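What you are looking at is a predicted structure, and each value in this text was computed from that prediction instead of being measured. The chain is numbered in sequence order, starting from 1. The figures that follow rest on heavy atoms only: side chains count, while hydrogens, waters and symmetry mates do not.
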Amino acid sequence: MEQVSAKRSYFSSARIAVIAMFSALAAILYIFNFALPFAFPSFLEFKFSDIPVLIGSFALGPVSSVIIVVSEILIKLVVKGSSTMFVGEISDLLTSCAFAVTAGIIYKKHRTFKGALVGMAVGTAVEVVVAVLINWLFLVPFYVQFLFNGNWAPLINAMNKLFPNCTRENFYNYYLWVSVLPFNLLRCLVAVLVTLPVYKRISMLINRFNARLEPKSEEGAVKSKKINIAAICISAVVIVLLLTFAILRVLVFSE
């Protein structure tokens, strides 16, 4: 039987299926986030969704990790809505992508254990820098001006539970360097410690799954191409529907 040598489509039906699986898992973990009030301000919520995003970046590539992050956030918005006018979700999108995409790009060029370590280390550094800058330049000013009507008291009171000496004047010193920085380091460290021992095995399973779906003839290649196109169209429709429902949910519940 004639073998097919054509280059496989990046968005094959197998890849889309795996992306959907990782997106669903990431969304579940993202929905069930939680605070660590004994160590960080209560409005910094810890989430484990970076784990499937990072594994997906290593196993499927950095582009796939972006799709997983976007999908998990859309699913969360449909299920729970947004209490921050999408600002918190945009922040999570940027920080998660900074971490996973950076790590995935480096690992894609150096597919070794050392490459994975370097990728995760650099990804962690980039994520922390992005998180500090977003909180300093965007999140805190937004919350103060638009959610608290220019009143700093809610943020100061939350910080005072851990740092009694925190005031308006030294707020950023406590918040950025004693809260945001270690919080995001911990967030990335947990993802790294879970990903390291499992990503190779998961990648092998994905490759085997993909190999079984690989067409062995010209006829199979044509059929596979049609399936891939249908899968891409269905995925696009699902993403559009999720985005629509997320916006409608926020608009309806905010009235």
*In Å and rounded to the nearest 0.5 Å, what is the SG to CG distance from Cys188 to Leu193?*
11.0 Å
*List the steps, then state whether ring pair (Phe, Tyr, Trp, His ring centres under 6.0 Å) holds for Phe43 with Tyr175.*
CA-CA 11 Å; Phe43 49 81; Tyr175 181 60; 5.7 Å; yes
*How long is the span from the CG atom in Leu147 to the OG atom in Ser83, to the nearest 0.5 Å?*
8.5 Å
*Any side-chain heavy atom of Leu93 sitting closer than 4.5 Å to one from Phe86?*
no
_Does Val87 form a side chain to side chain contact (heavy atoms under 4.5 Å, CB included) with Phe146? I'd like the steps, not just the answer._
CA-CA 11 Å; Val87 173; Phe146 293 96; over 6 Å; no
*Would one find more than 12 heavy atoms of other residues, nucleotides or ligands at under 6.0 Å from atom CZ of Phe148?*
yes
*Smallest separation among heavy atoms of Asn151 and Ala153, with atom names*: OD1-N, 3.0 Å
*Roughly how far, to the nearest 0.5 Å, is the CZ atom of Phe138 from the CG atom of Asn135?*
10.5 Å
*Would you call Val132 and Trp177 a side-chain contact if the rule is heavy atoms closer than 4.5 Å?*
yes
*For residues Thr195 and Ile51, determine if any side-chain heavy atom of one lies less than 4.5 Å from a side-chain heavy atom of the other.*
yes
*Can you tell me how far NE2 of His110 sits from CG of Leu117, rounded to the nearest 0.5 angstrom?*
13.0 Å
*How far does OH of Tyr107 sit from OG of Ser57, to the nearest 0.5 angstrom?*
10.5 Å
_Which atom of Glu89 lies closest to which atom of Gly81, heavy atoms considered_ = OE2-O, 4.3 Å
_Closest contact, heavy atoms only, Pro41 versus Met159_ = CG-SD, 3.3 Å
*Does one hydrophobic cluster hold both Val180 and Leu189, with members joined at side-chain heavy-atom distances below 4.5 Å?*
no
*Could you pull out the closest heavy-atom pair between Gly56 and Ile68, with the gap in Å?*
CA-CD1, 4.1 Å
*Using the side chain to side chain contact (heavy atoms under 4.5 Å, CB included) rule, take Val69 and Ile73 through it: C-alpha gap first, then chi angles, then the decisive distance, then the call.*
CA-CA 6 Å; Val69 174; Ile73 290 175; 4.0 Å; yes
*Counting only N and O atoms by type, is there a donor-acceptor contact under 3.5 Å from the side chain of Asn170 to the main-chain atoms of Asn173?*
no
*Please list, chain by chain and in numerical order, all residues satisfying side chain to side chain contact (heavy atoms under 4.5 Å, CB included) with Val144, sequence neighbours excluded.*
Val140, Trp152, Leu155
_Inter- and intrachain pairs under salt bridge (Lys or Arg N to Asp or Glu O under 4.0 Å), touching residues 47-73, at least two apart_ = Lys47-Asp50, Asp50-Arg187
*Drop me the distance from Ser179's OG to Leu176's CG, to the nearest 0.5 angstrom.*
8.5 Å
_Check the orientation of Phe46 and Phe48. Use parallel for under 30°, tilted for 30 to 60°, and perpendicular for over 60°._
perpendicular
*Do you know which two heavy atoms are closest between Ala98 and Val130, and how far apart they sit?*
CB-CG2, 3.9 Å
*Identify the two heavy atoms, one from Gly115 and one from Ile106, that lie closest to each other, and give their separation to 0.1 Å.*
O-CG2, 3.9 Å
For residues 20-40, which side-chain N or O atoms pair as donor and acceptor with protein atoms under 3.5 Å away, sequence neighbours left out?
from  : atom 1 : to    : atom 2 : distance (Å)
Ser23 : OG     : Ile19 : O      : 2.7
Tyr30 : OH     : Asp92 : OD2    : 2.6
Asn33 : ND2    : Tyr30 : O      : 3.4
Asn33 : ND2    : Glu45 : OE1    : 3.2

_Heavy-atom side-chain contact between Thr84 and Phe142 under 4.5 Å_ = no
*Applying side chain to side chain contact (heavy atoms under 4.5 Å, CB included), run through Leu54 and Phe58 and close with a yes or a no.*
CA-CA 6 Å; Leu54 182 58; Phe58 281 170; 4.2 Å; yes
*Mind running side chain to side chain contact (heavy atoms under 4.5 Å, CB included) on Phe163 and Val178 for me, showing each step along the way?*
CA-CA 10 Å; Phe163 311 107; Val178 189; 3.5 Å; yes
